[in-house]
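Counting convention: from 1, in listed order, for ligands and their atoms alike.
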Amino acid sequence: MSHGWGYAATNGPDKWGENFPIANGPRQSPIDIVPGETAFDAALKALTLKYDPSTSIDILNNGHSVQVTFADDTDSSTLTGGPISGKYRLKQFHFHWGASDDKGSEHTVAGTKYPAELHLVHWNTKYPSFGDAASQGDGLAVVGVFLEIGADNPQLQKLLDAFDGIKAKSTQTSFANYDPSTLLPGCLDYWTYDGSLTTPPLLESVTWIVCKESISVSPAQMGKFRSLLFSGDGEAPCCMMDNYRPPQPLKGRKVRASFK
Ligand SMILES: NS(=O)(=O)c1cc(F)ccc1F
Ligand SMILES: [Zn+2]
């Protein structure tokens, strides 16, 4: 039986191309963002993120990350503006993080790695569903937010407090009335470029919107992320950490900035 993809030496990012050849495609993510090589684009609009807390449903350990899933059958939680046209619906958010505070983010900024990165995943409502959108070049828009070591983050703590019920792979609990806008930085200046999902199937369908400003996370809170398990109940426990893909070749892509 073929072992699924993961982040270990045997099934990690260096091996993904064996089953997903798009791993070596022209618009793969993440990337290293070099501010001095980005171009300010005055035509870029401000991000409009309108989230309805009542659309949050559950929190899940899917064996690769921790994910909060949202009801996406109406336009209650949406992304408009920014670099995109039309309206994109929030589907889920999740995180990537490291085994230590010196790594963990997927995007990097002039080579700097952050301890974690939040991804808010939205799909283009010109398509009938997330699944359909995920196979289209303009199907998805993911807002990335860096987490930086600092003060305890009370909004993050609401999530972390739910982790005890989802330690093992394929466990989930209900998670209602959570407002993900409380995880956004105060300033929504961003970089944007055309990229991909950062895990298999690595589909090249993502307009990336990476916030310049980070949010805080304390060392103790980072420890809580690392207490989750890649492994399932009854398996040898394997702590969930270093669940990030390293930066990929830019291959001629331009990164635009919404700010000077
Ligand atoms: N890390 S990601 O935001 O590119 C991502 C989002 C999905 F919905 C599915 C797979 C992914 F890898
Ligand atoms: Zn992600």
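In summary, the aromatic rings of Trp16 and Tyr7 are positioned with their centroids under 6.0 Å apart. Ring centroids of Trp97 and Phe225 are separated by less than 6.0 Å, placing the two rings close together. Ring centroids of Phe259 and Trp191 are separated by less than 6.0 Å, placing the two rings close together.
Between the side chain of Arg89 and the backbone N or O of Asn124 there is no donor-acceptor pair closer than 3.5 Å. Between the side chain of Asn243 and the backbone N or O of His64, at least one donor-acceptor pair lies under 3.5 Å. Remark: side-chain polar atoms of Asp32 are paired, donor with acceptor, to backbone N or O of Gly111 under 3.5 angstrom. Judged by distance alone, the side chain of Asp152 and the main-chain N or O of Ser218 form no donor-acceptor pair under 3.5 Å.
Atom numbering of ligand 1 starts at 1 in the shown order; those under 4.0 Å from a heavy atom of Phe130 are 8 (F). Within the listing of ligand 1, atoms 1 (N), 2 (S), 3 (O) sit less than 4.0 angstrom from a heavy atom of His119. Interface of Gln92 with ligand 1, defined as ligand atoms under 4.0 Å from a residue heavy atom, comprises 7 (C), 8 (F). Applying the 4.0 Å criterion to heavy atoms of His96 picks out, from ligand 1, the atoms 1 (N).
Here the heavy atom of the protein found nearest to atom 4 (O) of ligand 1 is Thr198 N, 2.9 Å. The protein non-hydrogen atom at the shortest distance from atom 11 (C) of ligand 1 is Thr199 OG1, 3.5 Å. Remark: minimum distance from atom 9 (C) of ligand 1 to any protein heavy atom is reached at Leu197 CD2, 3.9 Å.
Here Val142 has side-chain heavy atoms under 4.0 Å from ligand 1, and that is the only part of it that gets that close. Contacts between Trp208 and ligand 1 below 4.0 angstrom, taking non-hydrogen atoms only, involve the side chain exclusively.
Aromatic ring pairs are classed by plane angle as parallel below 30°, tilted from 30° to 60° and perpendicular above 60°; the pair Phe93 and Phe70 is tilted.
Judged by the shortest distance from any of its heavy atoms, His94 lies inside the 4.0 Å radius around the atoms of ligand 1. Residue contact check for ligand 1: Val206 places no non-hydrogen atom closer than 4.0 Å to it.
The angle His119:ND1 - the Zn ion (ligand 2) - His94:NE2 amounts to 110°, with values rounded to 10 degrees.
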